[in-house]
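Keep in mind the model is a prediction, meaning the values are calculated, not measured. Atom set for the values below is all heavy atoms of this structure, side chains included, hydrogens, waters and symmetry mates excluded.
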Protein chains: 2
Amino acid sequence: MTHELFHTLHQLSRQLTNRLNDALKPFGLYSAQWSVLFVLHTKGSLTQKELSEYLFVEAPPMTRTIQRLVKQGYVKQIPGKDKREKYIQLTEEAVKEFPKWEHAVTQCNQTLLKNFPESSQLELTNLQSVWLKQLL
Amino acid sequence: MTHELFHTLHQLSRQLTNRLNDALKPFGLYSAQWSVLFVLHTKGSLTQKELSEYLFVEAPPMTRTIQRLVKQGYVKQIPGKDKREKYIQLTEEAVKEFPKWEHAVTQCNQTLLKNFPESSQLELTNLQSVWLKQLL
DNA sequence: TTAAAATACTTACCTGGGTAACTATAGCGG
DNA sequence: CCGCTATAGTTACCCAGGTAAGTATTTTAA
């Protein structure tokens, strides 16, 4: 019983990530990169620390994801007044391309949810949020 | 809105996997290995193909997980009549140790769910199953 | 019967996330 | 001021899962 709960959650998560990666493929982006780009687009400039805390990811994977984005020219690292910190922000290139990416992701999400009623979506989000808050 | 749904699902999945890995650490096992051991314990002998289909995992990761289990002596590969196939089954060692592993996992799951009402668990499982079936 | 297609598994390489250990800078207490 | 500790980020190395390509065997079809 419990087993099924964990199993379906795991499967769902994998499916969603895979589909998102498919949707981003034409742009040479991956899901983890997208999550960083999305946050930067809404929040502006953040340190890597702030980014990894916001996305609940450890520092090392964040470093890697950012390095790839830097290499692709979508993000730049700006040394902070505190020289240990690096502020990350979107490049002009990224700002220009962002709407295309966002559109592709939105399309993808709509496809994923098209046969799943909105009431169920809300319920699911709610249940997940409650549980997650208890775990953290 | 949609964004939150995907985000919390992803976070939840990671949290659960991390906790399970912690619980299995004393036995030198990891979550993916446990899922294979669990299936073999309930279903008996299966080919790698059957295993990966049952767990919705591609063949290559399954090969790796099995190779690690073989190295640890918890699983053996038996050539099938069709020489392309390999039947996988638990070793005596694994059968002997299984109850301990299962106990640790059960404990872990109870901890994870202890503040999450059973009615919510059922609802969540249900919503997830419905959605997942639509996606596959 | 034998050449081509399908199948089971493996190998190599990629992203995603984790820990441990390291570097460099910042902040403190003596 | 100086040394200790804390912090931001990086590096190296794990596991988990994905695709593409390769190998060996079986099936199919000419």
What N/O pairs connect the protein and nucleotides 7-10 of chain C at under 3.5 Å? Give each pair on its own line.
from	atom 1	to	atom 2	distance (Å)
C/dT7	O4'	B/Arg84	NH1	3.4
C/dT7	O2	B/Arg84	NH1	2.9
C/dA8	O3'	B/Arg84	O	3.3
C/dC9	OP1	B/Gln48	N	3.4
C/dC9	OP1	B/Lys86	N	2.8
C/dC9	OP1	B/Lys86	O	3.4
C/dC9	OP2	B/Lys49	N	2.6
C/dT10	OP1	B/Lys86	NZ	2.7
C/dT10	OP2	B/Gln48	OE1	3.4
C/dT10	OP2	B/Gln48	NE2	2.8
C/dT10	OP2	B/Thr63	OG1	2.7

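Taking the six-membered ring where tryptophan is involved, the planes of A/His41 and A/Phe98 are essentially parallel, since the angle between them stays under 30° and well short of 60°. Classification of the B/Trp34-B/Phe38 ring pair by plane angle, with boundaries at 30° and 60°, yields tilted. B/Phe116 and A/Trp131 have parallel rings, their planes meeting at less than 30° on a 0 to 90° scale where 60° marks the start of perpendicular.
When only modelled atom types and interatomic distance are considered, B/Gln72 and B/Gln33 share a side-chain donor-acceptor pair under 3.5 Å.
A/Leu29 places its CG atom 13 Å from the C1' atom of C/dT15, with the value rounded to the nearest Å. As rounded to whole Å, 15 Å separates atom P of D/dG17 from atom CG of A/Leu16. Counting to the nearest Å, the P atom of C/dG18 and the CG atom of A/Leu55 are 11 Å from each other. For the pair B/Arg68 CZ and D/dG17 C1', the computed distance is 11 Å after rounding to whole Å. In this entry the distance linking NZ of A/Lys83 with C1' of C/dT23 reads 15 Å, nearest Å. Whole-Å rounding puts the A/Lys81 NZ to D/dT7 P distance at 19 Å. In this entry the distance linking CG of B/Asp22 with C1' of D/dC15 reads 13 Å, nearest Å. For the pair A/Glu58 CD and D/dT7 P, the interatomic distance rounds to 15 Å; values are reported in whole Å.
Note on B/Leu122 and A/Leu9: separate hydrophobic clusters, where clusters join Ile, Leu, Val, Met, Phe, Trp and Tyr whose side-chain heavy atoms are under 4.5 Å apart, directly or indirectly.
A/Glu92 has no carboxylate O lying under 4.0 Å from a charged side-chain N of A/Lys96, or vice versa, which leaves the two without a salt bridge.
Backbone-only contact: A/Asn18 has heavy atoms under 4.0 Å from sugar-phosphate atoms and none from a base.
For C/dG16, the OP1/OP2 oxygens have a side-chain nitrogen or oxygen of A/Ser31 closer than 4.0 Å. When the side-chain nitrogen and oxygen atoms of A/Arg14 are compared with OP1 and OP2 of D/dA16, none of them lie within a distance under 4.0 Å. The side chain of A/His10 contributes no N or O atom lying less than 4.0 Å from OP1 or OP2 of D/dA16.
Judged as a side-chain hydrogen bond (donor to acceptor under 3.5 Å, both in side chains), and not counting sequence neighbours, A/Gln15 has no contacts.
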